[in-house]
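Whatever order the structure lists ligands and atoms in, that order sets their numbers, starting from 1. Remember, it's a predicted structure, so these values are computed and weren't measured experimentally. All residue numbers in this chain count up from 1 along the given sequence.
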Amino acid sequence: MKNKLLIIGASGHGKVVADIALEMNEWESVAFLDDNPAVTSSLGLNVIGSSEDIERFINDHDFFVGIGDNAIRKKVYEKLESLGASIPVLRHPSAIVGKEVTIKHGTVLMAGTIVNCSTRIGRGCIVNTGATIDHDNCIGDFVHISPGVHLAGAVTIGEGSWIGIGSSIKNSVVICNEVKIGAGAVVIDNIATSGIYVGVPVRRVR
Ligand SMILES: CC(=O)SCCNC(=O)CCNC(=O)[C@H](O)C(C)(C)COP(=O)(O)OP(=O)(O)OC[C@H]1O[C@@H](n2cnc3c(N)ncnc32)[C@H](O)[C@@H]1OP(=O)(O)O
């Protein structure tokens, strides 16, 4: 771990990530990289370069990706990993994490989240505000669990999937890679085909 943190992406999601990093109080400085030259600061923190400057900062900064889009976040993390970047887990002080939980680098637990015991969460995930993930879940890499989602026990979510705001997933359901679940949906059966699913219970729309 380094004593300075750079967050890549200074828009809405990056700002919330920065807020969590400040709450954690583990870095002497927190700043952004952003590819939009018009953005010079966010949340009162400076934008000190773009993604082209990553290598210049790699030796003396931790890095975190504050980009909500799963595919773009994955691409940026893969670049950081190939350069040997130091990538922390960010955990808001109000997040509750049970015993035997594993959380890989690049994942953020936002305010009010609960992750119950024996759950595994991959790298580069977003567990957004107030979401709950119950016991024995297996969350793949680069998944986004949106605000207010509830995952019951022993749920599996495949890589790159996005679980929409306020949706609920029944216990032991398995959702494959690259699935989008719409806002307010309820999933009661396994989903084995990538696509977009909405409604109660969900139906596939694309
Ligand atoms: C802090 C944060 O902000 S985190 C971000 C949180 N945001 C979310 O969770 C957003 C979740 N996204 C959604 O719910 C979106 O509507 C998606 C991804 C499901 C679909 O978006 P699109 O691909 O643009 O699909 P589109 O809007 O064309 O809708 C397709 C059909 O599904 C229906 N539909 C879309 N979303 C929903 C939904 N949540 N529930 C029920 N029906 C829905 C539409 O009415 C439409 O139906 P029709 O074909 O009968 O007219």
Side-chain angles (χ1 to χ4, degrees), residues 7-24 30 32 34 36 39 42-45 64-77 89-96 103 106-115 119 121-134 137 139-152 155-170 173-206:
I7 297 165
I8 301 177
S11 60
H13 177 63
K15 210 157 64 164
V16 180
V17 163
D19 202 8
I20 292 167
L22 293 172
E23 286 293 320
M24 290 172 70
V30 177
F32 291 102
D34 196 284
N36 180 354
V39 181
S42 184
L43 207 70
L45 303 171
F64 202 89
V65 183
I67 297 173
D69 182 279
N70 287 347
I72 300 174
R73 194 170 66 259
K74 174 180 178 179
K75 202 169 151 199
V76 179
Y77 270 130
V89 168
L90 295 189
R91 175 177 163 182
H92 191 278
S94 66
I96 296 171
I103 302 172
T107 285
V108 56
L109 302 187
M110 293 194 170
T113 54
I114 300 176
V115 181
T119 276
I121 303 179
R123 64 197 222 278
C125 294
I126 302 167
V127 184
N128 221 315
T129 314
T132 69
I133 302 180
D134 224 288
N137 276 225
I139 311 297
D141 295 336
F142 310 112
V143 164
H144 182 177
I145 310 290
S146 295
V149 165
H150 296 302
L151 306 184
V155 168
T156 299
I157 311 283
E159 177 170 331
S161 287
W162 178 25
I163 312 301
I165 187 163
S167 54
S168 301
I169 318 285
K170 189 182 144 187
V173 159
V174 177
I175 294 177
C176 68
N177 296 355
E178 306 296 342
V179 167
K180 275 188 193 170
I181 303 292
V186 175
V187 184
I188 57 172
D189 289 314
N190 294 347
I191 295 178
T193 307
S194 301
I196 301 178
Y197 295 78
V198 301
V200 181
V202 287
R203 62 188 166 89
R204 187 173 181 203
V205 288
R206 274 206 296 282

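- Distance remark: protein heavy atom not present below 4.0 angstrom from atom 26 (P) of ligand 1.
- Atom 15 (C) of ligand 1 is never approached by the protein to below 4.0 angstrom, counting heavy atoms only.
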- Go through the steps to decide whether Ile7 and Val30 satisfy the test side-chain contact (heavy atoms from CB on, under 4.5 Å), and finish with yes or no. CA-CA 7 Å; Ile7 297 165; Val30 177; 3.7 Å; yes
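- For ligand 1, the atoms closer than 4.0 angstrom to any heavy atom of Ala183 are 11 (C), 13 (C), 14 (O), 38 (C), 39 (N), 40 (N).
- The protein heavy-atom contact nearest to atom 32 (O) of ligand 1 is Val205 CG1, 3.8 Å.
- With hydrogens and angles disregarded, a donor-acceptor distance shorter than 3.5 Å links the side chain of Thr107 to the backbone of Cys125.
- A donor-acceptor pair under 3.5 Å is absent between the side-chain atoms of Arg123 and the main chain of Asp141, judged by distance alone.
- No donor-acceptor pair under 3.5 Å is formed between the side chain of Thr129 and the backbone N or O of Pro147.
- For a threshold of 3.5 Å applied to N or O pairs, the pair formed by Ile165 and ligand 1 contains at least one separation below that value.
- The distance from the CD1 atom of Ile188 to the NZ atom of Lys170 is 6.0 Å, given to the nearest 0.5 Å.
- Counting the atoms of ligand 1 from 1 in the order shown, those under 4.0 Å from a heavy atom of Gly164 are 9 (O).
- The shortest N or O to N or O distance between Trp162 and ligand 1 is not below 3.5 Å.
- Within a 4.0 Å radius of atom 9 (O) of ligand 1, the protein contributes one or more non-hydrogen atoms.
- Contact annotation for His13 and ligand 1: no heavy atom of the residue comes within less than 4.0 Å of the ligand.
- Protein non-hydrogen atoms do not reach within 4.0 Å of atom 48 (P) of ligand 1.
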Show me the side-chain donor-acceptor pairs of residues 12-24 shorter than 3.5 Å, one per line, residues at least two apart or across chains.
none

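- To the nearest 0.5 Å, atom NE2 of residue His144 and atom CD1 of residue Ile165 are 8.5 Å apart.
- Protein heavy atom nearest atom 50 (O) of ligand 1, with residue, atom name and distance: Arg203 NH2, 4.6 Å.
- Ligand 1 has at least one atom lying under 4.0 Å from a heavy atom of Ser146.
- Arg91 places no side-chain N or O within donor-acceptor distance of the main-chain N or O of Leu109, the cut-off being under 3.5 Å.
- The presence of a protein heavy atom under 4.0 Å from atom 43 (C) of ligand 1 is confirmed.
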- After noting the C-alpha distance and the side-chain angles of Ile157 and Ile175, does the key distance pass the side-chain contact (heavy atoms from CB on, under 4.5 Å) rule? CA-CA 5 Å; Ile157 311 283; Ile175 294 177; 3.9 Å; yes
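- Nearest protein heavy-atom contact of atom 20 (C) of ligand 1 is Ile196 CG2, 4.1 Å.
- With a 4.0 Å heavy-atom cut-off, ligand 1 is reached by the side chain of Val198 but not by its N, CA, C or O.
- Counting protein heavy atoms under 4.0 angstrom from atom 4 (S) of ligand 1 gives one or more.
- Residue contacts with ligand 1, taken as heavy atom pairs separated by less than 4.0 Å, involve Pro147 solely via side-chain atoms from C-beta onward.
- Judged by distance alone, with hydrogens and angles left aside, the side-chain atoms of Ser146 form a donor-acceptor pair with the main-chain N or O of Ile163 at under 3.5 Å.
- In terms of protein heavy-atom proximity, atom 22 (P) of ligand 1 is closest to Arg206 NH2, 3.5 Å.
- Checked by atom type and distance alone, the side chain of Asp34 never pairs as donor or acceptor with a backbone atom of Val39 at under 3.5 Å.
- When hydrogens are left out, the protein atom nearest atom 18 (C) of ligand 1 is Lys180 CD, 4.1 Å; that is the closest non-hydrogen contact.
- For atom 39 (N) of ligand 1, the nearest protein heavy atom lies closer than 4.0 Å.
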